[in-house]
Amino acid sequence: ATVTTVVGLTEVKVEYSRPKVKGRKIFGTGADFVTPYGSVWRTGANAGTIVSFADDVKFAGTDVPNGKYLLLTIPGATEWTVILYKDVAMGGNVSGYDQKNDAARAVVKPETISPKVEALTIEIADLSADSKSATLQLMWDNTSVKVPFTVDFDKKVMASIESNTRVNPNNLYAAASYYLENGKDLKLALEWITTAASARPDAYWVMHTKAKIQQALGLFDAREAILE
């Protein structure tokens, strides 16, 4: 299976094989279980599970450079260790695991879910309203595990604004709006929105944003200007 989601402006991709329960005991203590507690698991079937980040992220608070990683886990009754592993060439053969190749480790608490999930499912969940965070969620049998990660949305937007406002002045409105919403340089935002408004004097939404920027700068009461 492959799941791809854009978090903020960062593409996150997971490629994995999906084993099924098939009446077996999945997580627990002892050799009777498919994935025994305390053992490194390739978190899938056959080849290793690969997680890709198009940009740098913070995985459970740890800085992780953009690139591809194996997703490894160590299941437990009360906590799981979730690992991003740098040596992708190891694949699903976890006998070659060496902790020195860990890019990030997160210890999280598993949750019991119902109904049970027959085939292993990995997804990007819990996307935040500000597009800056999400969770990597694993679900199999009656167990769910989530690891939070964050992206640097602002850094990429600022770089886009810097390049695109030079190429196309029509982007000035979007740039000014972003500066207003995120508390950046409002004087520069006012310059941009003034230029945008002069090019589109009939665009009420541009004038509305200009008034809000002027109000934020303390130049006048934007509510009065809008009514006028």
## Note on the structure
Under a side-chain separation threshold of 4.5 Å, the hydrophobic residues clustered together with V117 are I113, M139

### Query
With distance as the sole test, does T150 use its side chain to make a donor-acceptor pair with the main-chain N or O of S133 at under 3.5 Å?
no

#### Entry: Pairs involving residues 70-83, ordered by first then second residue, that meet salt bridge (charged side-chain N to carboxylate O under 4.0 Å, His left out) (sequence neighbours left out)
none

### Message
Check whether T195 reaches the backbone of E191 with its side chain - one donor and one acceptor, N or O, closer than 3.5 Å.
### Response
yes

### Query
L136 and I122: side-chain contact (heavy atoms from CB on, under 4.5 Å), yes or no, with the steps?
CA-CA 7 Å; L136 182 65; I122 301 175; 4.0 Å; yes

### Nearest heavy atoms of M207 and A197, plus distance in Å
SD-CB, 3.7 Å

### Task
Please name all residues satisfying side-chain contact (heavy atoms from CB on, under 4.5 Å) with D130, sequence neighbours left out, ordered by chain then number.
S128, K132

### Message
Among residues at least two apart in sequence or on other chains, which ones pass salt bridge (Lys or Arg N to Asp or Glu O under 4.0 Å) with R18?
### Response
none

### Message
Quick test of your reading: applying ring-ring contact (aromatic ring centres under 6.0 Å, His included), list the pairs with at least one residue in residues 89-138, sequence neighbours left out, ordered by first then second residue.
### Response
Y85-Y97

### Query
Do any pairs count as a salt bridge (charged side-chain N to carboxylate O under 4.0 Å, His left out) and have a residue in residues 170-189, sequence neighbours left out, and if so which ones?
D154-K184

### Query
What are the two closest non-hydrogen atoms of G38 and I74, and how far apart are they?
C-CG2, 3.6 Å

### Query
Could you go step by step and tell me if W41 and W80 meet the side-chain contact (heavy atoms from CB on, under 4.5 Å) rule?
CA-CA 11 Å; W41 177 36; W80 280 46; 4.1 Å; yes

### Task
Give every residue pair that meets the side chain to side chain donor-acceptor pair (under 3.5 Å) criterion with at least one member in residues 49-77, sequence neighbours excluded.
T10-D55, T43-T73, D55-K156, D56-N66, K58-D63

### Message
My understanding is that only residues two or more places apart in sequence, or in another chain, count here; which of them pass side-chain contact (heavy atoms from CB on, under 4.5 Å) with A77?
### Response
Y37

### Message
Please give me the minimum heavy-atom distance between T135 and F149, naming the atom from each residue.
### Response
C-CE2, 3.8 Å

### Query
Which residues pass the side-chain contact (heavy atoms from CB on, under 4.5 Å) test with S114, sequence neighbours left out?
none

### Message
Test of understanding: with side-chain contact (heavy atoms from CB on, under 4.5 Å), list the residues that count as partners of A47, not counting sequence neighbours.
### Response
none

### Message
Side chains of Q137 and S144: any donor to acceptor distance under 3.5 Å?
### Response
yes

### Task
With sequence neighbours left out, write down each residue that passes salt bridge (Lys or Arg N to Asp or Glu O under 4.0 Å) with K25, or none if nothing qualifies.
D32

### Query
Who are the salt bridge (Lys or Arg N to Asp or Glu O under 4.0 Å) partners of D126, not counting sequence neighbours?
K146

### Message
If hydrophobic clusters are built from ILVMFWY residues whose side chains come within less than 4.5 Å, do F27 and V40 share one?
### Response
no

